[in-house]
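Basis for what follows: all heavy atoms, side chains included, without hydrogens, waters or symmetry-related copies.
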Amino acid sequence: MNGDQRCLIAVDLDDTILSGLFSLSSASVMALIEAQSAGHVVMIATARPSCMALPYHRAMGLRGPISTLNGAYLYHPDDAGFPARRELIGEASVAAISGAIKRAGIAYAWMERDDDLAAIHLPRPEHLYFREVFRQSNVTFHQELPILPAGRIFAYADGQAQADRVLAETAACSDVNCRLFSQKEGGFRLNFASAAADKWHAVKRAADWYGIDPKNIIAFGDQENDRMMLFSAGHGFVMCNGGAKLRQDAVRAGVGVTKRTCADGGVAWELKKLLP
């Protein structure tokens with residue numbers, strides 16, 4: 001297969017090929033394995049840390065790189081020659097964020113450095129995904145977040161005023177992006193990441209390394225952290241079980257929406273139509 005025919009297929013994990021935190025879609029996995037056997041490059045692009053992504057890479061027998069923490073890390077577990085990349089929050093911004101969290105009186109906060117996690121407290125019991133992150137990561141507890149380069153920082157504010165205080169105090173950190181999420185159980189979650197970290201940047205770098213044209217990048221995801229990747233790839237697909245606004249925007253922009261859900265092999269369905 002020559003370079004003009006070869007594709008790079010980037011897949012998110014949760015709610016894209018993985019349901020309920022642990023269950024892989026057998027149909028989608030088989031389609032990815034078949035694509036890899038045909039000469040295409042298949043990679044995982046996930047928000048998960050490596051300890052929660054690498055086992056699925058191994059289980060599927062993938063031979064491509066992995067992007068974790070929403071593009072903060074890009075590496076190849078089996079190819080030392082692959083140019084690994086880190087897009088981290090610098091120490092000055094970490095210090096500003098840590099100080100703002102402390103002054104706001106936020107009790108639930110932690111920072112991820114790939115598989116190393118520094119936390120003030122365990123996450124709340126209702127946060128099943130983050131409790132699993134804590135279970136599988138190398139966790140240390142602190143009275144306040146340590147001043148070290150970080151892949152991501154999370155903080156849970158009890159109310160709008162607490163969240164606004166942190167946002168105001170960290171607004172000058174130009175190298176950092178912060179996303180604010182309203183929580184079903186009340187309060188807000190603040191997600192801090194390097195402004196240079198995005199799944200698309202990682203996927204594009206991987207495609208460049210393999211000499212694959214961006215128009216031959218096929219990407220699948222389901223949430224806002226997949227937006228740039230899905231809207232920039234030559235063939236981007238929002239899962240039909242994904243976020244409503246993302247699906248609506250995809251339709252308006254001419255970006256694909258899968259015909260089937262994650263559990264029903266939505267990735268497989270689209271790959272069978274795209275690849276010979």
Side-chain angles (χ1 to χ4, degrees), residues 4 6-20 25 27-28 31-32 35 40-48 67-72 74 87 129 152 160 163 167 174 176-184 188-208 212-276:
D4 291 337
R6 191 163 65 153
C7 295
L8 184 144
I9 303 166
V11 290
D12 174 46
L13 284 177
D14 293 287
D15 297 319
T16 298
I17 61 169
L18 195 62
S19 301
S25 161
S28 292
L32 292 170
H40 303 292
V41 177
V42 180
M43 68 176 288
I44 290 171
T46 180
R48 292 183 174 213
S67 171
T68 60
L69 300 193
N70 287 329
L74 172 66
E87 301 291 357
Y129 169 78
R152 292 189 299 190
Q160 187 73 57
L167 289 172
S174 59
V176 174
N177 284 334
C178 181
R179 298 171 64 197
L180 184 67
F181 297 89
S182 177
Q183 302 296 285
K184 292 179 181 178
F188 298 88
R189 186 178 86 238
L190 297 96
N191 289 13
F192 293 93
S194 166
D198 190 274
K199 290 183 181 184
W200 170 245
H201 300 321
V203 168
K204 175 65 165 54
R205 288 191 182 98
D208 290 345
I212 296 174
D213 193 299
K215 68 178 173 42
N216 288 341
I217 296 175
I218 305 170
F220 296 89
D222 68 300
Q223 292 298 333
E224 285 297 328
N225 60 340
D226 301 307
R227 178 181 285 270
M228 187 182 293
M229 177 176 74
L230 303 181
F231 283 60
S232 302
H235 303 277
F237 291 91
V238 178
M239 302 302 295
C240 65
N241 53 272
K245 186 177 188 308
L246 190 63
R247 285 186 283 113
Q248 293 164 3
D249 291 348
V251 171
R252 284 193 287 266
V255 172
V257 176
T258 65
K259 300 296 188 295
R260 296 186 179 183
T261 66
C262 166
D264 290 332
V267 169
W269 182 258
E270 303 303 333
L271 285 179
K272 288 175 181 177
K273 292 189 292 182
L274 275 175
L275 300 179

Subject >> Inter-residue atom distance Asp14.CG - Gln223.CD, 0.5 Å rounding >> reply: 10.0 Å

Subject >> From Leu32 atom CG to Phe220 atom CZ, the distance as rounded to the nearest 0.5 Å >> reply: 8.0 Å

Original post:
Nearest heavy-atom pair of Ala163 and Leu190: which atoms, and what distance?
Top reply: O-CD2, 4.1 Å

Original post:
Are Asp198 and Lys204 side-chain neighbours, meaning at least one heavy-atom pair lies under 4.5 Å?
Top reply: no

Original post:
Got a second to check how far Leu69's CG is from Ser194's OG, nearest 0.5 Å?
Top reply: 11.5 Å

Subject >> Of Asp213, Ile218, Val203, the residue whose pairing with Leu8 passes side-chain contact (heavy atoms from CB on, under 4.5 Å) >> reply: Val203

Original post:
From Lys199 NZ over to Ile44 CD1, what is the distance, rounded to the nearest 0.5 angstrom?
Top reply: 10.5 Å

Subject >> Test item: Thr46 side-chain N/O and Thr68 main-chain N/O as donor-acceptor pair under 3.5 Å >> reply: no

Original post:
Heavy-atom distance under 4.5 Å between the side chains of Trp200 and Arg227, does that happen here?
Top reply: no

Subject >> Atom pair CG (Leu13) and CG (Asp222), whose distance is rounded to the nearest 0.5 Å >> reply: 10.5 Å

Original post:
Any idea which heavy atoms bring Ala202 and Leu74 closest together, and the distance?
Top reply: O-CD2, 3.5 Å

**OP:** Check whether any side-chain N or O of Arg152 sits under 3.5 Å from a backbone N or O of Asn70 as a donor-acceptor pair, and report yes or no.
**Re:** no

Original post:
Any sub-3.5 Å donor-acceptor pair from Arg6's side-chain atoms to Val41's backbone N or O?
Top reply: no

Original post:
Does the pair Arg252/Asp249 count as a salt bridge with the N-to-O cut at 4.0 Å?
Top reply: yes

Original post:
Counting N and O atoms only, with roles assigned by atom type, does the side chain of Asp15 sit under 3.5 Å from a partner on the main chain of Asn241, one being a donor and the other an acceptor?
Top reply: no

Original post:
To the nearest 0.5 Å, how far apart are CG in Leu18 and OG in Ser25?
Top reply: 9.5 Å

Subject >> Shortest non-hydrogen contact between Ala10 and Met229, atoms and distance >> reply: CB-SD, 4.1 Å

Subject >> Under the side chain to side chain contact (heavy atoms under 4.5 Å, CB included) test, residues paired with Ala195 that sit two or more places apart >> reply: Asn177

Residues 231-239 side chain polar contacts: donor-acceptor under 3.5 Å, at least two apart:
| residue | atom | partner | partner atom | Å |
| --- | --- | --- | --- | --- |
| Ser232 | OG | Met228 | O | 2.7 |

**OP:** Measure across Asn191 and Arg189 and return the closest heavy-atom pair with its distance rounded to 0.1 Å.
**Re:** OD1-NE, 2.9 Å

Original post:
Taking the side chain as C-beta and beyond, is there a heavy-atom pair between Thr16 and Val267 under 4.5 Å?
Top reply: yes

Original post:
Closest approach of Ser28 and Ala268, non-hydrogen atoms and distance?
Top reply: OG-N, 3.4 Å

Subject >> Closest non-hydrogen atom pair, Ser19 against Cys262 >> reply: OG-SG, 3.3 Å

Using distance only, find each side-chain donor-acceptor pair of residues 269-276 under 3.5 Å and give its atom names and separation, not counting sequence neighbours.
| residue | atom | partner | partner atom | Å |
| --- | --- | --- | --- | --- |
| Glu270 | OE1 | Lys273 | NZ | 3.2 |
| Glu270 | OE2 | Lys259 | N | 3.0 |

